[in-house]
Amino acid sequence: MSYLDELNPIQRAAVINIEGPVLVIAGPGSGKTRVLTYRIAHLLEHHVPPREILALTFTNKSAREMKERIEKVVGESAQHVWAGTFHSVFARILRYEAEKIGYPSSFTIYDTDDTISVIKAIIKEMNLDTTVYNPSAVRSRISLCKSNLITPPLYRQNADMMQQDRAARKPYVVDIYEKYVARCHRSGAMDFDDLLYQLYRLFQQNPDNILDKYRRRFRYIHVDEFQDTNFLQYAILRLLVKYEGSLENVFIVGDDAQSIYAFRGATIDNILDFEKDYPTLKTFKLEQNYRSTHHIVEAANEVISYNRRQLPKTIWTDREERQKIKLLKCVTDDEEAKRVADLILEQKHRYHLPNSEIAVLYRTNAQSRKFEEHLRKINLQYRVFGGMSFYQRKEVKDLVAYLRLAVNARDEEALRRVINFPTRGISDATIDKISAIAGATNTTMWDAMMHPALDVTDRAKKSLFGFRMMVEDWQKRAASESAFKLAAEILRKSGLHELLKGDTSPEGIGRLENVNAVLDAISEFADTQNANTDPALNLVSESSLAAYLQTITLLTDADEKAEGTDYITLMSVHSAKGLEYKSVFVTGLEEQLFPSFMSLEDPKGLDEERRLFYVAITRAKEFLTISFAQNRYRFGQIRANEPSRFLEEIDLKHFDMVGGIGAARTNYQGGNREQPQPASKGASLSGNFANPRLRTMQQAASARVSAPIEASPVEALIAGVKVLHQKFGEGQIVNVEGPKDNRVATIRFKDDDMSERRIVLKFAKLQVI
DNA sequence: TGACTGTGGGTTTTT
DNA sequence: CCCACAGTCA
């Protein structure tokens, strides 16, 4: 039982507790994955059949990692453990059961882009304005509905939501939602939320007592990153675990402090409800951090103590002090990127760090550009994760749309995409007519194409017929021929290959390479899948084109393998969750950016941003560098931002004050907002929240705030005048600009290094002196 | 039908 | 700044 020796007492206690519900609250770097994998290994050692074990994760990567690690402990029986993301595991079950709820087993999965495109088409058909009904915003709302089990009829009954829509002057959202659901169903398509929602529906309706089958199948259920589950996911989980006679062998791992997906419906309530739903629950807290050195852990603790609503825990480390946190104050985003790049180079030399131990993190993907530029300049290998992924590129989506049609002709989104691409004489007008007939006769566009009532020119009819013949041929062969062979032929016969070949520009060549890469991927996919199909589940051939399409839709580019090259990682903080590096750069710590301007008004939003920052800094094992820029390009214009409020929440003693870095601090001490306070004792939901440690620096700083000042009229505030500001103290107006009702003054303050600040006079209290 | 141009809008975060 | 889309022209 050697693997048990590798666990600390608490970890071990959690692992060997193999009966009944278990909750593991796991701080960053506390060996969460280790506990999860060893627990599964432990089950296997105790002769639990691998196929009765289910492990649900949020990313393919962590699922894969978990499987690999279990395999290391127990060997090949790990192969038969079901480990995957919620979406992929559920998709697999649905693939098998779809017909019971009125979907073809070959259903298509719509990714976010597909979904937006469908919604947009619906909005246009309804003659609504796409600037009012922003397709992407409508999609978010629909998604939120689905994750909370609000169907269109329930939506209509929901006075709150209807009122919200009326107030936003978008009364037709529910109609769009309704049409969208109908259209997806007609298309034999499920979006990401459907993969959860339709499974829930299946279990609810429970045809042939199907729920029982899966309850017996999954006797041991594990959930990683439980804090990121939404209401719907929890509802499904409950259906699988909580029933008469259940052993309730459910093992969940999470950390409320790392919940960063509230924006897509994740709710911390799930952890809290869990305690209520399972009275026999055993809770284990992993509080020792094995990842990071002292200053990093302490800084993280300080930051998170400002949040309300925390489960009580104290993360600690016995790792030595090592480096303090470096803080880079930069004038521009360009300087920030340059200094980060230079520091990376220096660290590489001084500490012999390989690129793979270095990550640059940012709040928004758009920030990657500058870092790319500067890393390229000094010849450092990097890889950007996130943003436009391979499978989102137009040429790839075009080819994939053809493949989708071959598997599921009802897929309207795919049909629209390629029916006239490459062009084959089918005009937009023709497509609109087809769509109209499909709507009127309640059939698919695929069928409407050949409808006798379709009133188009003979030439168009001929083109349509030709297109249909071509696709029908592929459909017939999709079942028998190898996915690779068929895809290769589709690429040529569709005319895509020829079209791309004709473009000899560098981008054009790249596009051709991309579609060829899809073919390679299909070939590779077929090979690996054949080797590891689960015969127990009687699934349709896992190496089929359909299986491939499902896999790529659920793929994130973080899942793509690295081919042995040593690169620096550039990614958003969100995608960095669960990862660790020796040296981490957390960049763009500015108000409006991190925290994002979207979340400034809402305390809940701010708390989530703070958790995000917490996640960011806890990725670092030894070297943590935080940077901010005073000026940053945004929409092509320079904008000045203040340093992030989160910086004030870290005690100065954790910062490296060498060289020019120390000066950064003076710039934001006593920033122009209310001084932050750690969450107070007992501000809790269930009464057992953390009692955050007290802070000193902020309280000291707040003493600087002087007696209230009397605001002078805006007219009196002109260039040259000396003024007193509530927070910044004495200063002189350098310049005043902007329209009468919204004047903005540039003021140089005596305090604060004679720094210049732009102040909106409407809001600021300034007294002329 | 395709290429070009101007405009307008957009940046949170992802399965 | 960068992209997507609508509108215009050959």
Side-chain angles (χ1 to χ4, degrees), chain A residues 56-63 84-91 109-113 115-117 120 124 130-131 134-137 139-140 143 146-147 190-197 225 228-230 232-233 259-266 333-334 361-370 373 385-389 391-392 394 420-429 499 502-503 550-559 571-578 588 590 592-600 602 605-606 608-609 611-613 615-616 632-639:
Chain A
L56 296 169
T57 64
F58 275 83
T59 64
N60 297 300
K61 191 163 174 264
S62 45
T85 63
F86 277 91
H87 290 84
S88 71
V89 168
F90 292 178
I109 299 170
Y110 280 175
D111 67 17
T112 306
D113 291 339
T115 297
I116 289 176
S117 163
K120 194 168 174 186
K124 281 188 177 166
T130 49
T131 56
N134 175 290
S136 144
R139 187 209 70 84
S140 302
S143 171
K146 287 189 178 179
S147 336
M190 297 194 197
D191 63 21
F192 286 145
D193 301 306
D194 280 329
L195 295 178
L196 313 178
Y197 173 67
E225 309 280 15
D228 290 334
T229 52
N230 62 31
L232 176 52
Q233 284 161 326
S259 157
I260 54 173
Y261 286 107
F263 74 92
R264 67 175 197 210
D333 49 351
D334 191 70
L361 309 182
Y362 33 75
R363 179 65 180 80
T364 67
N365 283 309
Q367 288 164 254
S368 72
R369 261 204 166 72
K370 280 282 164 200
E373 208 177 282
F385 293 84
M388 170 93 74
S389 89
Y391 288 101
Q392 284 177 305
K394 183 187 179 312
N420 197 39
F421 187 85
T423 51
R424 47 176 72 88
I426 300 170
S427 69
D428 287 351
L499 186 84
D503 185 350
Q550 167 173 318
T551 308
I552 60 168
T553 315
L554 298 176
L555 214 61
T556 319
D557 65 354
D559 296 322
M571 59 168 59
S572 70
V573 180
H574 278 91
S575 11
K577 196 176 60 164
E590 296 134 41
Q592 311 289 324
L593 183 63
F594 200 174
S596 156
F597 67 98
M598 297 292 288
S599 58
L600 289 182
D602 166 26
L606 265 176
E608 174 141 321
E609 296 282 320
R611 291 193 294 268
L612 197 54
F613 184 50
V615 167
R632 181 177 294 278
Y633 269 96
R634 192 152 186 218
F635 298 142
Q637 287 193 63
I638 285 197
R639 292 207 18 197

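All values below were derived from every heavy atom in this structure, side-chain atoms included, with hydrogens, water molecules and symmetry-related copies excluded. Bear in mind the structure is a predicted one, so any value in this text is a computation, not a measurement. Proteins come first, then strands; the chains are lettered A, B, ... in the order of their sequence lines, and each starts at number 1.
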S.K.: At under 4.0 Å between heavy atoms, what does E609(A) touch on the DNA or RNA strands: base, sugar-phosphate, or nothing?
M.R.: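 The answer is base, as E609(A) lies within the cut-off (heavy atoms under 4.0 Å) of a base atom.
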
S.K.: Quick check for you: among dT11(B), dT14(B), dC3(C), whose closest atom lies nearest to any side-chain atom of R369(A)?
M.R.: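 Of all the options, the side chain of R369(A) is nearest to dC3(C).
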
S.K.: Less than 5.5 Å between centroids and less than 30° between ring planes, does Y261(A) satisfy that with dT14(B)?
M.R.: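 So Y261(A) does not count as stacking on the base.
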
S.K.: Would you say dT14(B) has OP1 or OP2 under 4.0 Å from some side-chain N or O of S575(A)?
M.R.: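 Result: yes.
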
S.K.: Which of the following nucleotides, dT15(B), dT1(B), dT14(B), is nearest to the side chain of H87(A)?
M.R.: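 So the nucleotide nearest the side chain must be dT15(B).
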
S.K.: From CD1 of I552(A) over to C1' of dT15(B), roughly how many Å is that when rounded to an integer?
M.R.: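 In whole Å, dT15(B) C1' lies 15 Å from I552(A) CD1.
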
S.K.: Among dT15(B), dT14(B), dT1(B), find the nucleotide with the atom closest to the side chain of S427(A).
M.R.: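 The answer is dT1(B), which lies nearest to the side chain.
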
S.K.: Closest to the H574(A) side chain: dT15(B), dT14(B), dT1(B)?
M.R.: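 Among the listed nucleotides, the one closest to the side chain of H574(A) is dT14(B).
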
S.K.: Please list, for nucleotides 2-9 of chain B, all pairs of protein and nucleotide N/O atoms separated by less than 3.5 Å.
M.R.:
{"unit_1": "dG2(B)", "atom_1": "OP1", "unit_2": "T423(A)", "atom_2": "OG1", "d": "2.9"}

S.K.: Does any N or O donor sit under 3.5 Å from an N or O acceptor when you compare the side chain of T112(A) with the base of dT14(B)?
M.R.: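 Checked by distance alone, the answer is no.
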
S.K.: For atom OH of Y633(A), is the number of surrounding heavy atoms from other residues, nucleotides or ligands below 6.0 Å larger than 12?
M.R.: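 Open.
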
S.K.: In whole Å, I'd like the distance from the NZ atom of K146(A) to the P atom of dT15(B).
M.R.: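 Distance check: K146(A) NZ to dT15(B) P gives 18 Å.
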
S.K.: Can you name the residues that form a side chain to side chain contact (heavy atoms under 4.5 Å, CB included) with S427(A), not counting sequence neighbours?
M.R.: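 If we apply the side chain to side chain contact (heavy atoms under 4.5 Å, CB included) test to S427(A), skipping adjacent residues, the hits are A429(A), T430(A).
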
S.K.: With sequence neighbours excluded, what pairs up with D113(A) under the salt bridge (charged side-chain N to carboxylate O under 4.0 Å, His left out) test?
M.R.: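 Testing D113(A) for salt bridge (charged side-chain N to carboxylate O under 4.0 Å, His left out), a comparison that skips the adjacent residues, returns none.
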
S.K.: Side chains of S596(A) and S599(A): donor-acceptor distance under 3.5 Å anywhere?
M.R.: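 Their side chains do not contain a donor-acceptor pair, so the 3.5 Å distance test is not met.
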
S.K.: Taking 4.0 Å as the cut-off, does a side-chain nitrogen or oxygen of N60(A) come that near to OP1 or OP2 on dT15(B)?
M.R.: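 Answer is no, no contact under 4.0 Å.
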
S.K.: F597(A) has an atom CZ; how far is it from atom P of dT13(B), in whole Å?
M.R.: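 Result: 10 Å.
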
S.K.: Classify the nucleic acid contact of N365(A) as base, sugar-phosphate or nothing, counting any heavy atom under 4.0 Å across all strands shown.
M.R.: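 The answer is sugar-phosphate, as N365(A) gets under 4.0 Å only of primed atoms, P, OP1 or OP2.
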
S.K.: What does the B/S/- profile of nucleotides 4-10 of chain C look like, 5' to 3', with a 4.0 Å heavy-atom cutoff to protein?
M.R.: -SS----

S.K.: Without decimals, in angstroms, what is the distance between R632(A) CZ and dC1(C) P?
M.R.: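 Distance check: R632(A) CZ to dC1(C) P gives 16 Å.
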
S.K.: Cation over ring, K394(A) on F421(A), under 6.0 Å and within 45°?
M.R.: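 Positive - K394(A) is close enough to the ring of F421(A) and near enough to its axis.
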
S.K.: What is the distance, to the nearest angstrom, from the CE atom on M598(A) to the P atom on dT11(B)?
M.R.: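 Taking atom P of dT11(B) as the reference, CE of M598(A) is at 9 Å.
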
S.K.: Under the rule for side chain to side chain donor-acceptor pair (under 3.5 Å), what residues qualify as partners of S572(A), not counting sequence neighbours?
M.R.: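 Counting only residues at least two positions away or on another chain, S572(A) forms a side chain to side chain donor-acceptor pair (under 3.5 Å) with S575(A).
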
S.K.: At under 4.0 Å between heavy atoms, what does F192(A) touch on the DNA or RNA strands: base, sugar-phosphate, or nothing?
M.R.: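 Answer is base: heavy atoms of F192(A) come under 4.0 Å of a base.
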
S.K.: In whole angstrom, give me the gap between the C1' atoms of dA6(C) and dT11(B).
M.R.: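 So the two C1' atoms sit 23 Å from each other.
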
S.K.: Can you sort out the partners of K146(A) under side chain to side chain donor-acceptor pair (under 3.5 Å), two or more places apart, ordered by chain and number?
M.R.: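 For K146(A), the residues satisfying side chain to side chain donor-acceptor pair (under 3.5 Å) (neighbours in sequence not counted) are D191(A), D194(A).
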
S.K.: What is the distance, to the nearest angstrom, from the NZ atom on K370(A) to the C1' atom on dC1(C)?
M.R.: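 That distance rounds to 10 Å.
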
